[in-house]
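Chain letters run A, B, ... following the sequence lines, proteins first, then strands; residues in each count from 1.
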Amino acid sequence: MASADEDFDQILNSLDGELNEYETNTPDGYSQDEHAYDPDFSTYQRPYYGPDHHLHSNDLADQNGANQTLMRNRMKNAKELYEGIEDTMMELPSRTLGRRGGAHVKDAANHFGTLSRNTFSRRFGRSTLRRQRLASHEEILRNETNLANDIYTEMKDSHGEVKSEELRELPMNMGIKRKIKSQALAHRQDGKNKNVGCFKIWKYKMSMKWRHFKERTKKTIGSAKLWEHHLKQVEGNFGSGVGSYFTFLRGLFLLSIPSFVLNFAFITIPQIIEPVPRTNPDVQFTGEEILTGANWLTETIMYYGYYTNQLIQTIPGVYYDMPLAYLLATAGYFLLCLILLVKSTASNFRQSFVDKQEDRSNFISKVFCSWDFGITSATAAKLQHRTIKTELQEILSERKMATQKRSACEKFEVYAFRIVTWAIFLGLTAGSMALVYFLESIFIEEIKCNLSGVAVLPEIALALIVSTINLIMPIIFNAITVFEKYKYPRHQLYVAVFRNFLLKMGLLAVICAFWTASDLIQTPGSKNDTKNCSQNVIVDCWETDLGQEAYRLVIIDFLFSIIFSTFCAEFLRKIFATYCCEGLKQPEFSIVNNVMDLIYGQTLCWIGVFFSPLLALIVTFKYFLMFYIKKISVMQNCVPPSKRWRAAQTRTIFNFLLLLSFLLSAAFLCVVVFRLTPSESCGPYRGLPHTYDVIVTGIDDLAGNKTTQWLAGIITFVGSVWFLDAVVAGLAVAVAINHATSKGYRALSEALRGQIKLEGKDKALLLTWLQNVSKQANQFNNFGGPGPSGNINHVVPILSRHRDSINSAPSSRGGSVRGNPPQSVLTASDVLTHVDPHHLQSGNLAHMELHQADSESSHRSVHKDPLLRQALHNQQQQPYMDNPYTTSQDPAEVASSYEASLYQQQNPAYQHQHYQKSNSASPSPVAARRQHKDPLYQKALENRSQQRPSSMFVGSSKYAFEASSSDSDDESYSIPAWKKTLQQQQQRPSSSQEIEMSQIQNTRSSQMRPQSYYMGQSGQDDNEMLF
Amino acid sequence: MGASSSVFTNEELQEYSELTFFSKKEVIHVFEKFVELDPEILANRKGYRLSMEKVCQMPELKVNPFSDRICRVFSTSESFDGSLSFEDFLDMMSVFSDQAPKGLKVEYAFKVYDFNEDDLLDTEDIEMIVTRLTGSAGALEENEMEQLLMNLMQEADLDDDGQLSYAEFEHVISKSPDFLNSFKIRL
């Protein structure tokens, strides 16, 4: 030990000299604020020193100027160090394992970042929010004003102003929001004094006005929601699933209103003003017309056939072109529907199918989204508890089942069965379609040839049959779907819905095809003559006939849904279940069937509205009644559904089906307008070869007039093949680009997900390192022997004792250390619990966010605990490097490095090392040994160090030893071994240089920051003992 | 209406309307709801705080298994007893309203579910959520719970650290379209 002491003194002396040299060579001393000489940390604002830390640093700055000079010198290398760290970071799993795609991900993420910077910056105040989240509830309440200030600054920084809609979306309480707002207002008043151009003021005012207007309308529309109270009642008692039926119904009701308004205003009213005399004035209103829609009603404003093909000229000089108005009103309505439907379907899709892996989010939605916050009744709540429990158990067992794969035999069985059921379905559908077609051709003869007789039944027979099919078939379809053994009940539901939809559309298609078939569209008389009809009074007007058919279908469907699906299925069943049959279950509201009925009804309306303009009125009225009837029935008769309804996804399906049926009916109408010949004796288009010819003549008229010629030119151009071709080509390109982009994003998201996984592994690795450090501390406690792992607490007193002895050693430079030596209890669990909450978030998805606040607050919470702080640094370093947006340096780094240097100066052990290193350039024994032990590792390190200019490490090399010793987990080394290694190294001076570099790498890999001191503390203690 | 509209000046209403997702009319409606819970408030005017027990008498919260958490999250009470002033109540209704954006709702849902307020949903929190969800139907068995936690973490825990941070929570919730439907209280 004596020789060791001598060495020690020698080192100290030489270091003294070195430091003096530094002092004399530095021109601007160190009287400046310690923050000031920080060229590389320009973004750094305020290191968090605890109060006493601050005191010490000032004191020490006076006394130990050399420390600062040293540190300052090192700071000059900070940038290089950072680069070095980045290289070291490559050792982490996320870098090494993911290296294949790593660079790609980073680039892509950068690209993504620039693309969506707007979206991200819209989420201003994230870091403050983050801090707020980190702070406890109490802290928030106490620091309201500060928080408000910070958020205000942040919002201002990101936008230049504070918008009220953003304020509204802040997850803060009212008090804070109000404070921010008042700040914004105050600021605005300040700004008024500035000289701003007239135009700017005007622009600003306009944008303000527009924003206010938008907001007002939004709120008015939002608050003027129809039937909100009823919806709330239904949802409160039956959950959002049943509620979604009523929202759907409400949507349809609202959708039918514009149709009614358009038709009434532009088609019906002009016709009422100038009525056309009836061709058959004897027909009287008998009452049965309400059901059949025929006879007296035939020649009213109800149907297409009644409307004139003349110009209406009530006021002299003003013409009203009825045919044009008729077509344009319908077209306008269809366009409106198209826009609304596409919009709602698209937004639904966006919400529901964000990710393709929807099946994976099973548990998430079951746990986090299963409670309906809107329900109010105790029974519903109880039921919901039960439902959630059963469902959780179900999916758990399902998960187990999913792992058991079906055998080939079973698979064959299932698929064979499915083929059979599809065959049955197709057979049934085709059969019903054929039946409808056949019956229709029978009934039409009956109707056409027996005009004088009262023939209510044949007239409504077809509607009755169609409605009956619609009522019964879905039940059969549902029944056969149950046997198909779908893996998920959801798929079963989708299949049943799809079949139901196909059937309904098939039936409607048959009816439409029947009326538009070419053999019916003939000149009046010719067909009926061949059928031996004695009288042929009725004008053969197939449009009116189709309108009547649609009318009947709508009416009968409405009656059916009231009588059967409401009265029988709900009311009677409830009565029976309550009073007669004990076994019968209480009725539940069948969402699927009811919604499908609505879709069917709406399709009918779309098909019929061209032929019967007032059908829109009837449908509107029907929806209105339906809402109340259904609501009363549900509230009185039904029990809440026993299965939780995934409202969002099914709503998407329903919306999509509605859109599909709309497109089908629109296609049908297109055929009618562009392909078919209108009846020659009725309607606004009599005499024209095609309906759309009315537009052609209209354009011709425009072209004939000199003042409107340009308009005709535009319309002709827009309607030309060239233009349409260009539009289609443009759309195709847009679709292709979008598709490619979405593909790219999907790949990127996949890659980023992998990256996140790897970063999780980084954290795990870093935590292991931390644990190793603490374990090592434990080992030092036992003087190199294998210590009892897990019992680390008692390390601390010993550590601090060592430190005390260091501090009080006479050779210690600068007297005793005045700071609080690290008193922390570093246990693995401690580190884990402290590190986790703050750090682990930063590596997550949010790694695109700035985490300055995050780190700040963690520093605050552990600032008394330098060891821990260092650990945190090391951890936080990692997401920082990853974060493409991170521009800030870690604010606390300066603080910690500063402290580190202080300790280094004061610690004789450290100086010894420094001396050794600077003189002999020898590696640390541990690192050297380690290199021997692990050739692969060594090689990797060497490779890396070769890539880098060695000058970079001038500043950092001196700290290598302490860290590498801490890195080691081998406790059995001894002086001879070390000396031996040393000799070896000295014999190879060139390689020793390299090895030193690799040591530094070691240091970094364990610490991320070479200037860290605390982790190496134990290493120094050890050294001291060795000496 | 008369009584409640006289409680607020027009400016106050305007401010409330600006800071929440409600129109002035709706703010008054919220106030009426608030008064319904305890008619004495009217005499005490605006500064009055409604105790957690009273707030939980609201029909939606009465059956809600997380009612106490909701109160705590929205409360600005200095004594941390979960009592709500009218402004807190208004905040709450605003967050639960239809107009509130998803991000805001997710933020508050996270707070509500974070029982131990450590800004992380750990297994402890999730167990608590599940236990409360099953509520009167009885808790899940231990092995079921374990399996559930495992599966849930598999789905949601992107970085494999055994707990859900806010970012992870936000991410998985964004994939569950049901969330917006469920995290909603109609006025």
Heavy-atom cut-off 4.5 Å, strictly under: side chain, backbone, both or neither for [X] against chain A?
| X | result |
| --- | --- |
| B/Phe183 | both |
| B/Leu133 | both |
| B/Lys62 | neither |

Checklist line | Heavy-atom proximity to chain B below 4.5 Å, by part of A/Leu383 | finding: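 Neither part; nothing is under 4.5 Å.
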Do the side chains of [Y] and [X] get nearer than 4.5 Å, heavy atoms only?
| X | Y | value |
| --- | --- | --- |
| A/Arg178 | B/Tyr16 | yes |
| B/Asp91 | A/Lys177 | yes |
| B/Leu19 | A/Lys181 | yes |
| B/Leu140 | A/Lys389 | yes |

Taking [options] one by one, which has the highest count of heavy-atom pairs under 4.5 Å against chain A?
| options | answer |
| --- | --- |
| B/Asn64, B/Leu61, B/Asp98 | B/Asn64 |
| B/Leu152, B/Asp88, B/Ile185 | B/Leu152 |
| B/Ile126, B/Leu148, B/Leu121 | B/Leu148 |
| B/Ala109, B/Ser94, B/Ala100, B/Pro65 | B/Pro65 |

Next item on the list: Would you indicate whether B/Gln14, at its atom CD, is surrounded by more than 12 heavy atoms from other residues, nucleotides or ligands within a distance under 6.0 Å?
Entry: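 Result for CD/B/Gln14: enclosed.
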Margin query: More than 12 heavy atoms of other residues, nucleotides or ligands under 6.0 Å from NZ of A/Lys382: yes or no?
Written below: no
Check: So how far is it from B/Ser182 OG to A/Phe373 CZ, rounded to the nearest 0.5 Å?
Finding: 6.5 Å
Check: In Å, rounded to the nearest 0.5 Å, how long is the span from CD of B/Glu60 to CG of A/Asp372?
Finding: 10.5 Å
Next item on the list: May I ask you to decide if B/Pro59's main-chain N or O and A/Thr376's side chain share a donor-acceptor pair within less than 3.5 Å?
Entry: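 Checking the backbone N and O of B/Pro59 against the side chain of A/Thr376, no donor-acceptor pair under 3.5 Å is found.
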Note to self: Tell me if the aromatic rings of B/Phe179 and A/Phe368 count as close, with their centers under 6.0 Å from one another.
What the structure shows: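 For B/Phe179 and A/Phe368, the ring centres are not under 6.0 Å apart.
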Checklist line | Heavy-atom pair of closest approach, residues B/Val63 and A/Ala381 | finding: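 Scanning both residues completely, I find the closest heavy atoms to be CB-CB, 3.5 Å.
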Check: Excluding sequence neighbours, so at least two apart, what forms salt bridge (charged side-chain N to carboxylate O under 4.0 Å, His left out) with B/Lys54?
Finding: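 Checked B/Lys54 against salt bridge (charged side-chain N to carboxylate O under 4.0 Å, His left out); matches are B/Asp38.
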